[in-house]
Amino acid sequence: MSENKKSEKNEKIVSVKGMNDLLPADAALWELLENTVQSILKSYGFQQIRTPIVEATALFARGLGTVSDIVEKEMYSFVDAMNGDHLTLRPEGTAGVVRAVLEHNLTYDSPKRLWYIGPMFRHEKPQRGRYRQFHQIGAEAVGFSGPDIDAELIMLCQRLWDDLGLDKIRLELNSIGNAEERQQHRADLIAYFESHKDVLDADAQRRLYTNPLRILDTKNPAMQEIVNAAPQLLSYLGEESRAHFEGVQKILRHNNIPFTINPRLVRGMDYYNRTVFEWVSDQLGSQGTVCGGGRYDPLIEIFGGKPTPACGFAMGVERLIELMKVSGEPYAPNQCDVYLVHQGEEAQLQSSVLAERLRDAGLDVVLHCATSNGSGSFKSQMKRADASGAAFALIIGEDEIAQSKVVVKAMRAGRADESQNNQTSVPFDSLVEYVVDQIVAGDEHSHDHSHSHGHDHTHH
Ligand code: HAM
């Protein structure tokens, strides 16, 4: 079908390939992840930064390196039709954060611990765990030079996996030294691969003189043998780089963070030096890296700032969400506390007042509202109440209005007064207090055996 045909008037418009909607069924899981990360980042003293999704194309070309996969073939770049500016949808967060740090002189008085969350864009071939719009949560520590911050960033991640109940993510660690060390290694590596040119595939041939380190990353089984025997960057490290790397490992060992050293781990951007790391899961198929990062001391100078050390990571939210689905603790999706069912005009009015009072007390309240079919029968409203996941249905009909009372019906097992068919009548005046007590009691009960998603009814 031609592009023209596709855009014909009656053709259904669908989402762009590789760019996904986040639907309500998954929203609770995203929220759980986001809230958990945010509170952990805060507990380590990280502050949020938000940078634009669009940046000058030159920022990424200069920062990530023109021979990186991302800059070579994955960027959504375009010319602004209004003024001819060359712009790009950000493929990652580090370059933009560093630009902002420089532009606003953020490290003027002290080093900064920063974090961000948001969509990134890469024109890759979509598959499980790989999308064209995806989301990252990242942290960048700018102005710190020692191995302590590298280890801190790694330990922060470990804490997150622990809190989310993800116990099968392993840490791979490497050091890629500094520019001179890599230069030496690079020369030897090129010479080595030149002597095995017949075994190199097209991709490797293409990279031989531009980015030979990336050849070590190959997934091609036919090349594994020569790649395994290639000169290892680790053995080119000078004293300072080695001491830094050992410093990171020492702190990790001291804190019982398991890791393996993967001498072939090189990462995809040019800005890295010294420590690099990836967190990998075997439960996600071929796109198992849930988080990657490392030190990038050269980047700020590349952007024209005065030399400033830095280190960071970014995690792929979609991949973590999938991992939470396959291996995390069971998580109860969004539930409200109360669903208000009413019959008759008086009851409807009274319901709206009571709903507001319950919300004042911190409860999550869904008030039944009319659709194009009207307000619906009692039975159909009760069906909605059930589907809402509410702990209680509050029912107000003509009788209740006459007596200034509400029927409180427990919708879930283990709730409320079971002697009276799970329901009881409560006067308007004591309703809020009664429901809050019931919810708090129910929460305490369920905390004993299930994953909590934190009710906070403290401000009534
Ligand atoms: P990265 O390894 O390119 O590093 O991306 C980090 C994470 O984003 C990956 O480990 C993966 O989980 C996720 N990710 C990457 N591409 C996709 C995709 N197409 N679909 C779904 N998820 C994806 C960076 O971006 C660096 N800026 C990290 C960093 C921060 N280094 C230092 N500071």
Side-chain angles (χ1 to χ4, degrees), residues 17-20 22 33 37 41 46 49 51 55 59-60 63-65 68-76 89-99 101 112-142 144 149-150 152-154 156-157 160-161 166 169-172 174 176 214 217 265-281 283-300 302 309-324:
K17 190 176 171 194
M19 306 200 181
N20 302 312
L22 165 61
L33 172 62
V37 186
L41 283 158
F46 282 75
I49 184 164
T51 63
E55 297 271 4
L59 181 82
F60 302 112
L64 278 56
S68 64
D69 275 354
I70 295 179
V71 174
E72 249 186 3
K73 53 190 184 199
E74 294 171 0
M75 294 211 299
Y76 281 92
L89 301 186
R90 63 181 184 196
E92 58 103 56
T94 309
V97 167
V98 167
R99 176 202 51 69
V101 165
K112 288 284 178 295
R113 287 177 172 85
L114 304 168
W115 72 272
Y116 53 90
I117 178 170
M120 308 291 162
F121 302 83
R122 296 184 194 174
H123 201 284
E124 298 190 81
K125 197 162 182 275
Q127 63 178 85
R128 179 185 178 197
R130 194 205 264 166
Y131 312 103
R132 290 180 173 172
Q133 174 177 309
F134 60 99
H135 296 76
Q136 284 185 346
I137 299 173
E140 313 291 356
V142 188
F144 300 92
I149 196 78
D150 310 24
E152 178 178 298
L153 287 160
I154 288 170
L156 189 162
C157 294
L160 176 64
W161 318 146
L166 304 173
I169 306 181
R170 60 171 197 278
L171 172 61
E172 298 193 354
N174 193 21
I176 59 168
R214 291 287 287 176
D217 242 6
L265 180 65
V266 293
R267 308 270 309 135
M269 295 84 160
D270 274 9
Y271 51 58
Y272 289 109
N273 73 329
R274 292 196 174 165
T275 319
V276 289
F277 61 88
E278 283 184 356
W279 293 93
V280 187
S281 162
Q283 296 173 291
L284 295 175
S286 66
Q287 305 300 314
T289 306
V290 293
C291 177
R295 187 160 271 288
Y296 51 93
D297 301 328
L299 185 57
I300 290 159
I302 291 173
C311 190
F313 66 74
M315 46 187 76
V317 177
E318 283 81 357
R319 291 183 192 178
L320 280 171
I321 293 290
E322 194 177 345
L323 199 55
M324 288 163 79

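Both counts, for ligands and for their atoms, begin at 1 and track the order of listing.
Contact check for Cys157 versus Ile169: no side-chain heavy atoms found under the 4.5 Å cut-off. Side-chain contact between Gln283 and Glu322 is absent, with no heavy-atom pair separated by less than 4.5 Å. Side-chain atoms of Ile300 and Val101, non-hydrogen and from C-beta on, never get closer than 4.5 Å to each other.
The side chain to side chain donor-acceptor pair (under 3.5 Å) test applied to Arg132 returns no partner, not counting sequence neighbours. Scored by the side chain to side chain donor-acceptor pair (under 3.5 Å) test, Asp217 finds Arg214 as partners (sequence neighbours excluded). Under the side chain to side chain contact (heavy atoms under 4.5 Å, CB included) criterion, Glu124 pairs with Glu74, Arg122, Arg130, not counting sequence neighbours.
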Atom pairs and distances, ligand 1 N/O vs protein N/O under 3.5 Å:
from: ligand 1; atom 1: 2 (O); to: Arg267; atom 2: NH1; distance (Å): 2.9
from: ligand 1; atom 1: 2 (O); to: Arg267; atom 2: NH2; distance (Å): 3.0
from: ligand 1; atom 1: 3 (O); to: Arg122; atom 2: NH1; distance (Å): 3.0
from: ligand 1; atom 1: 3 (O); to: Arg122; atom 2: NH2; distance (Å): 2.9
from: ligand 1; atom 1: 4 (O); to: Arg267; atom 2: NH2; distance (Å): 2.8
from: ligand 1; atom 1: 5 (O); to: Gln136; atom 2: NE2; distance (Å): 3.1
from: ligand 1; atom 1: 8 (O); to: Gln136; atom 2: NE2; distance (Å): 3.2
from: ligand 1; atom 1: 10 (O); to: Thr289; atom 2: O; distance (Å): 3.3
from: ligand 1; atom 1: 12 (O); to: Thr289; atom 2: O; distance (Å): 2.9
from: ligand 1; atom 1: 12 (O); to: Val290; atom 2: O; distance (Å): 3.4
from: ligand 1; atom 1: 12 (O); to: Gly316; atom 2: N; distance (Å): 3.3
from: ligand 1; atom 1: 16 (N); to: Arg122; atom 2: NH1; distance (Å): 3.4
from: ligand 1; atom 1: 19 (N); to: Glu124; atom 2: OE2; distance (Å): 2.7
from: ligand 1; atom 1: 19 (N); to: Tyr131; atom 2: O; distance (Å): 2.9
from: ligand 1; atom 1: 20 (N); to: Tyr131; atom 2: N; distance (Å): 2.9
from: ligand 1; atom 1: 25 (O); to: Arg122; atom 2: NH2; distance (Å): 3.1
from: ligand 1; atom 1: 25 (O); to: Gln136; atom 2: NE2; distance (Å): 3.0
from: ligand 1; atom 1: 27 (N); to: Glu92; atom 2: OE1; distance (Å): 2.6
from: ligand 1; atom 1: 27 (N); to: Thr94; atom 2: OG1; distance (Å): 2.8
from: ligand 1; atom 1: 27 (N); to: Tyr271; atom 2: OH; distance (Å): 3.0
from: ligand 1; atom 1: 31 (N); to: Tyr272; atom 2: OH; distance (Å): 2.6
from: ligand 1; atom 1: 33 (N); to: Thr94; atom 2: OG1; distance (Å): 3.2
from: ligand 1; atom 1: 33 (N); to: Glu140; atom 2: OE1; distance (Å): 2.8
from: ligand 1; atom 1: 33 (N); to: Glu140; atom 2: OE2; distance (Å): 3.2
from: ligand 1; atom 1: 33 (N); to: Phe313; atom 2: N; distance (Å): 3.4

